[in-house]
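Below is one structure, written out as structure tokens; the observations come after it.
If you're wondering where the values come from, they're calculated on a predicted model, not measured in any experiment. For the single chain, residues carry numbers from 1 onward in sequence order.
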Amino acid sequence: MKKRGVIVIDLQNEYLPSGKLPLWGIESAAANAAKVIDNARTNGIPVFHIRHEFANGEMPVFVPGSDGVEIQPAVAPVEGEPVVVKNHVNSFRETDLKQQLEARGVDEVVIVGAMSHMCVDAGVRAAADMGYPVTVLHDACATLDLTFGGVTVPAAHVHAAMMAAFEFGYATVKSTREYLSDEP
């Protein structure tokens with residue numbers, strides 16, 4: 001039987017309405033992520049928190065030491081849960097996340113977090129490329145509107161496109177309710 005781990009990507013204050021980069025649906029995504037985290041803690045499933053920081057101050061967001069980099073209170077880690085600090089979009093790049101998963105015997109992952117089209121995307125694809133079966137909980141992830149070539153793509157469409165891409169070739173995509181109903 002596979003040993004599952006939950007990876008919580010970048011659910012930080014910066015993405016809240018009071019932050020510098022508010023996301024569409026972030027509060028409901030964090031509330032659903034909190035349910036998943038609570039379930040994991042109850043069932044002895046390890047939880048891994050990812051926190052993004054721009055180490056060199058090259059961006060006006062996720063500044064080390066600011067309130068924006070702090071993990072949202074609704075999904076805050078408890079003692080014993082690792083917090084992996086990353087400086088890149090991919091949670092595995094130049095971090096010890098893979099080693100932490102291995103140390104806890106994790107061989108399949110559930111991913112929640114932000115942003116669907118960036119850090120969640122990179123984490124899902126990297127985990128799948130490393131051989132982990134991946135489940136993404138679509139309603140425990142959030143993103144924002146994107147603009148390219150003068151066209152604005154609403155966040156809901158960006159999010160749906162990412163979930164469709166995951167489901168097509170990288171992950172099983174479920175709602176929080178579906179996932180929790182599958183749990184013991």
Quick one: salt bridge (Lys or Arg N to Asp or Glu O under 4.0 Å) partners of Lys35, sequence neighbours excluded? none
Donor-acceptor contact below 3.5 Å, side chain Glu53 vs main chain Pro64: no
Among the clusters formed by ILVMFWY side chains lying less than 4.5 Å apart, do Val63 and Met115 turn up in the same one? no
Given side chains that start at C-beta, do those of Leu137 and Asn32 come closer than 4.5 Å, heavy atoms only? no
Which residues satisfy the side chain to side chain donor-acceptor pair (under 3.5 Å) test with Asp67, sequence neighbours excluded? Asn13
Minimal non-hydrogen separation, Ala140 against Ala33, with atom names: CB-N, 3.8 Å
How does the hydrophobic cluster around Val124 look, that is, which other residues are in it when side-chain heavy atoms under 4.5 Å mark a link? Ile7, Ile9, Phe48, Ile50, Val84, Phe92, Leu97, Leu101, Val106, Val109, Ile111, Val120, Met130, Tyr132, Val134, Val136, Met162, Met163, Phe166, Tyr170, Val173
Distance-only, no hydrogens or angles: does the Asn87 side chain make a donor-acceptor pair with backbone N or O of Phe54 under 3.5 Å? no
Set out, in order, the CA-CA distance, both residues' side-chain angles and the distance that settles side chain to side chain contact (heavy atoms under 4.5 Å, CB included) for Ile37 and Val8, then state yes or no. CA-CA 9 Å; Ile37 293 166; Val8 183; 3.7 Å; yes
Among all residues two or more places apart in sequence or in another chain, which pass the side chain to side chain donor-acceptor pair (under 3.5 Å) test with Gln100? Asp96, Arg104
Quick one, Val158 with Leu144, criterion side chain to side chain contact (heavy atoms under 4.5 Å, CB included). Give me CA distance, side-chain angles, the key distance, then yes/no. CA-CA 8 Å; Val158 172; Leu144 46 69; over 6 Å; no
In Å and rounded to the nearest 0.5 Å, what is the CG to CZ distance from Asp129 to Arg125? 9.0 Å
Tell me every residue that passes side chain to side chain donor-acceptor pair (under 3.5 Å) with Thr176, counting only those two or more places apart in sequence or in another chain. Asp139
Give me each pair satisfying side chain to side chain donor-acceptor pair (under 3.5 Å) with a member in residues 151-160, each pair once, sequence neighbours excluded. Ser116-His159, Thr147-Thr152
Residues which pass ring pair (Phe, Tyr, Trp, His ring centres under 6.0 Å) with His49, listed by chain and number, not counting sequence neighbours: none
Heavy-atom side-chain proximity of Lys3 to Pro46 below 4.5 angstrom: yes
Compile the donor-acceptor pairs under 3.5 Å between side chains in residues 18-30 and protein atoms, sequence neighbours left out, one pair per line.
| unit_1 | atom_1 | unit_2 | atom_2 | d |
| --- | --- | --- | --- | --- |
| Lys20 | NZ | Pro60 | O | 3.1 |
| Ser28 | OG | Gly25 | O | 3.2 |

Given 3.5 Å as the limit, does a donor-acceptor pair link the side chain of Gln12 with the main chain of His52, or not? yes
Who passes side-chain contact (heavy atoms from CB on, under 4.5 Å) against Glu108, sequence neighbours left out? Lys2, Arg4, Pro133
All pairs passing salt bridge (Lys or Arg N to Asp or Glu O under 4.0 Å) where residues 7-19 contributes a residue, at least two apart: Asp10-Lys86
Determine the minimum heavy-atom distance between Val89 and Ala122, stating which atoms define it. CG1-CB, 3.7 Å
Quick one: list whatever passes side chain to side chain donor-acceptor pair (under 3.5 Å) with Arg41, sequence neighbours left out. Glu81
With Glu167, which residues qualify under salt bridge (Lys or Arg N to Asp or Glu O under 4.0 Å), at least two apart? none
